[in-house]
Amino acid sequence: MLHGSTVQARDVQGGIHFHPPTAPSGPSLPVPRQLPPVRTRLVDREADVRALDTLRSGRPADAPQLMVVSGFAGVGKTTLVARWLHEQTDSFPDGQLYADLAGHSTEEGSGPVHASTVLDGFLRALGAPSVPADTAQRVALWRSLTAGLRLAVLLDNAYTAAQVRPLLLGAPTGLTVVTSRSQLTGLLADGAAVHRLNALTTESAIELLTVGGGGQRVAHDLEAARRVVALCARLPLAICLASAQLAVRPHRSVSALAESLSQGYGPLDALRVDGEAVVRTALDLSYRLLPPESAALYRRAGLLPTDRYDLFMLTAVSAEPTAQQNDTDDDAGAGAGADQAYEGYAADTDAVDLSLGTLVEANLLEETGPGTYRFHDLVRPHARRLGEEESTSRRDHALRRYVDWCLATATSAESILTPSHRTLARDYTRPRVVPSALDGPASALAWLDSHRDGLMAAVRLCAEREWHTSCWQLADAIWPLVLRLRPSDIWCESHQLGLAAARASGSRAGEGRMLTSGAMGLRDAGRHEEAADWYTRALEHATADGDTKQRAQAINGLGHLSLLTGRLDEARAHFEHSLRLWESVGYARGVALSRRRLGETELEAADFPEAACQLMRAHDELVSMGEEYEAARVEATLGHTLVLDGQHGDGTAKLTRSLAAFRGSTERDTHWEARCLAWLGEAAEGQGDRDGARRHYEAARDIYRLLAPDEARRMEDRLRRR
């Protein structure tokens, strides 16, 4: 019996071809194109698209292509990647697969989708006749079936690297793109290239707000539109929801929308879809996925009245109350003084650092620099809401620890920048916090500058909660900030609150310091009558206490007010009196500062030789004491005096040297930088150097615009007169 094609022959010439009949086949599966649809307009993502193109083209030709796009919930990761892959369709003739891994699903009882479930769908989409039940066999079949295929796979909303890893393509001809709220750093070991997606620019956010029906209203009220997109943190999801509110309420103004978004917890509660606060829900889910330690850190950080965080701060507030600690103390005086040795932590720095890493990985916290962090603008109110759900004792404990950290680090900066001012005790709760590390004058001043809002918020917090000792001590500790950078509003408010707190705490030393330091702030703000009242009260206070040094300080301050208001004889008498008092107690620094004021008085009287004599003597005395900052201020005034006295070369050299000091890291002072520039402009103008004068006046004007508008206008007048 013969079966199949058969040939029987003696000789065969030529080729023999067998053509078996073609078995009938069913309809073939279409090439899978599973990407979700996207809107036709993609606002302000050109740079991100270019970044994805660069990442793809930069991969080695023989390596599997894997990309991770991470970012905050609602920042537009899926929209961006889906749109980009739609435009790459021709590069993937074998298909584009999509799976939502549900890493942050909002549905009750759901959770991250298992890789085995995703593989079942992918294998069937590619035409696998049967799918193994075992996950490992599914992975093997997936790798075999896709080898050599030009295929794109979008794994959306991934939870962990482990969830993604079984789904990765093994061949270099395919591309896998993963989106996640977490950064999925575990995939770096698999060769992933990472791109982080940030919020929109303000202009692009306003453009997105116009989509949907509110365009004309937005165009007619751009200021309100800026408020709306700022409240939405320039986040595409939140802005689209705000735009939808304008669309469904055609008579509602953009200003009214901005007002509603500013109430309570803002867009967290106000932006809803089908009654659900989608932004808050998304954050709630991200929060629920945190380990307990990271969740606790998230809540406590949300309580703090600051928008900047570092490891030392968060370690301080993470300390648990000890059995010996009373969280309901009405003041900070329960702690020991400034020289007490550290008693150790109730929190572990390494553990806090790990929790910080978890929050950064989850894109709930952003790393803004080496060891510094901030909350996304929509995350912060969410963290605050959760923090406010803590017990009263835990909230008070965390806030008190934050105040202690502010006080400890500000005091460290004070000791570096103005050691002569660092004379009063500091009191802390226990265990005592470790301040943030400051490695020199530049670091100390930069810390004070970047934390000025948080420091002032801490002073207000102490005043509100009647933590009187901490209140006045913190106002005293930020002295280098107000001296060098001259934020008059912070200076005046902190010392007004500090004065009331010092009196309430019964600290005579604190009250005296608040009066003299606060009077200086009022004087600098041009509130001369109030400053005179504070100096007079400081004098009465010091006289009653028999404190000669403080008496001299108050008299010197009164003399400065007389100088500023043109009463030169009165000013001279005050300065000579303060000089004698300081000499009587051997306070050399005070003597030198009185000589400086006497020199300024003679300068105002146009007695340039006598002014120069007093200033040179004050300068030499300050240099001998190592008071480089005060010496630089005196040298600048001396240089100006010499220029006015016709000694242009020597005077200009001293001004130039002082300008370099105030621009440097150790003696940095933008107020005196501007003053030196203005004086150098006058010197150049006096020498007929019009171009040099213009450059100096313009530079001084630009600084004064931020510090002293009246002085900026004076520079403008000089420029116009040239």
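We count residues from 1, following the sequence as given. What's counted below: heavy atoms across the whole structure, side chains too, no hydrogens, waters or symmetry copies.
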May I ask you to decide whether R460 forms a salt bridge with E493, counting only side-chain N to carboxylate O separations under 4.0 Å? yes
Side-chain donor-acceptor pair under 3.5 Å between R523 and H560, yes or no? yes
Apply the test side chain to side chain contact (heavy atoms under 4.5 Å, CB included) to residues S470 and D427: give CA-CA distance (whole Å), side-chain angles for both, the deciding distance (0.1 Å), then the verdict. CA-CA 7 Å; S470 294; D427 297 281; over 6 Å; no
So D547 and R508, salt bridge (Lys or Arg N to Asp or Glu O under 4.0 Å) or not? Walk me through it. CA-CA 11 Å; D547 189 336; R508 295 287 294 176; over 6 Å; no
Intermediate values then yes/no, side chain to side chain contact (heavy atoms under 4.5 Å, CB included), E627 and S420: CA-CA 9 Å; E627 290 279 355; S420 61; 3.5 Å; yes
Answer yes or no: is there an ion pair linking D453 with R308, defined by an N-O contact shorter than 4.0 Å? no
Can you confirm whether R668 sits close enough to F662 that some side-chain heavy atom of one is under 4.5 Å from a side-chain heavy atom of the other? no
If we ignore angles and hydrogens, is there a donor and acceptor under 3.5 Å between the side chains of R400 and T429? no
Taking salt bridge (charged side-chain N to carboxylate O under 4.0 Å, His left out) as the definition, give me every residue that meets it alongside D533, ordered by chain and number, with sequence neighbours left out. R537
Minimum heavy-atom separation for Y697 to A678, with atom names? CE2-O, 3.6 Å
Any chance CD of E529 has more than 12 other-residue heavy atoms, nucleotides or ligands included, within less than 6.0 Å? no
Assess the residue pair T469 and S507 against the criterion (side chain to side chain contact (heavy atoms under 4.5 Å, CB included)); give the C-alpha distance rounded to whole Å, side-chain angles, the decisive distance to 0.1 Å, and a yes or no. CA-CA 8 Å; T469 300; S507 173; over 6 Å; no
Between R385 and E388, does a salt bridge (Lys or Arg N to Asp or Glu O under 4.0 Å) hold up when you go through it step by step? CA-CA 5 Å; R385 178 176 65 84; E388 289 170 351; over 6 Å; no
Is the shortest side-chain heavy-atom distance between Y535 and I555 below 4.5 Å? no
Charged N to carboxylate O below 4.0 Å: is that the case for E635 and R657? yes
For the residue pair D310 / T372, report whether a side-chain donor-acceptor contact shorter than 3.5 Å exists. no
What one should report as the nearest heavy-atom pair of L445 and P480 is CD1-O, 4.4 Å
Say whether R595 and H619, considering side chains only, have a donor N or O and an acceptor N or O under 3.5 Å apart. no
Heavy atoms, side chains only, cut-off 4.5 Å: are E570 and F575 in contact? no
In this structure, which one of L438, T666, L448 forms a side chain to side chain contact (heavy atoms under 4.5 Å, CB included) with L417? L448
Ignoring hydrogens and geometry beyond distance, is a side-chain donor-acceptor pair present between W679 and T637 at under 3.5 Å? no
What do you reckon, is CD of E583 surrounded by more than 12 foreign heavy atoms closer than 6.0 Å? yes
Flag yes if more than 12 heavy atoms outside R617 fall under 6.0 Å of its CZ atom; otherwise flag no. no
Using only heavy-atom distances, determine whether the side chains of R484 and T670 contain a donor-acceptor pair under 3.5 Å. no
Ring-plane angle category for Y298 and H382, please: parallel below 30°, perpendicular beyond 60°, tilted otherwise. tilted
Pair R384-R299, side chain to side chain contact (heavy atoms under 4.5 Å, CB included): steps then yes or no: CA-CA 7 Å; R384 184 177 73 247; R299 296 192 301 271; over 6 Å; no
Heavy-atom closest pair (A631 atom, V623 atom, distance to 0.1 Å) is CB-CG2, 3.7 Å
Got a salt bridge between R675 and E711, using NZ or NE/NH1/NH2 to carboxylate O under 4.0 Å? no
Tell me whether the rings of W491 and H495 are parallel (<30°), tilted (30 to 60°) or perpendicular (>60°). tilted
Ion pair check, E600 and R596, cut-off under 4.0 Å: yes
State whether a side-chain donor-acceptor pair under 3.5 Å links D524 with S488. no
For H541 and Q550, does a side-chain donor sit closer than 3.5 Å to a side-chain acceptor? no
Charged N to carboxylate O below 4.0 Å: is that the case for R394 and E389? no
Apply salt bridge (charged side-chain N to carboxylate O under 4.0 Å, His left out) to R374 and list each qualifying residue two or more places apart in sequence or on a separate chain. E366, D377
Please name the pair of heavy atoms, one in V379 and one in L364, separated by the smallest distance, quoted to 0.1 Å. CG1-O, 3.5 Å
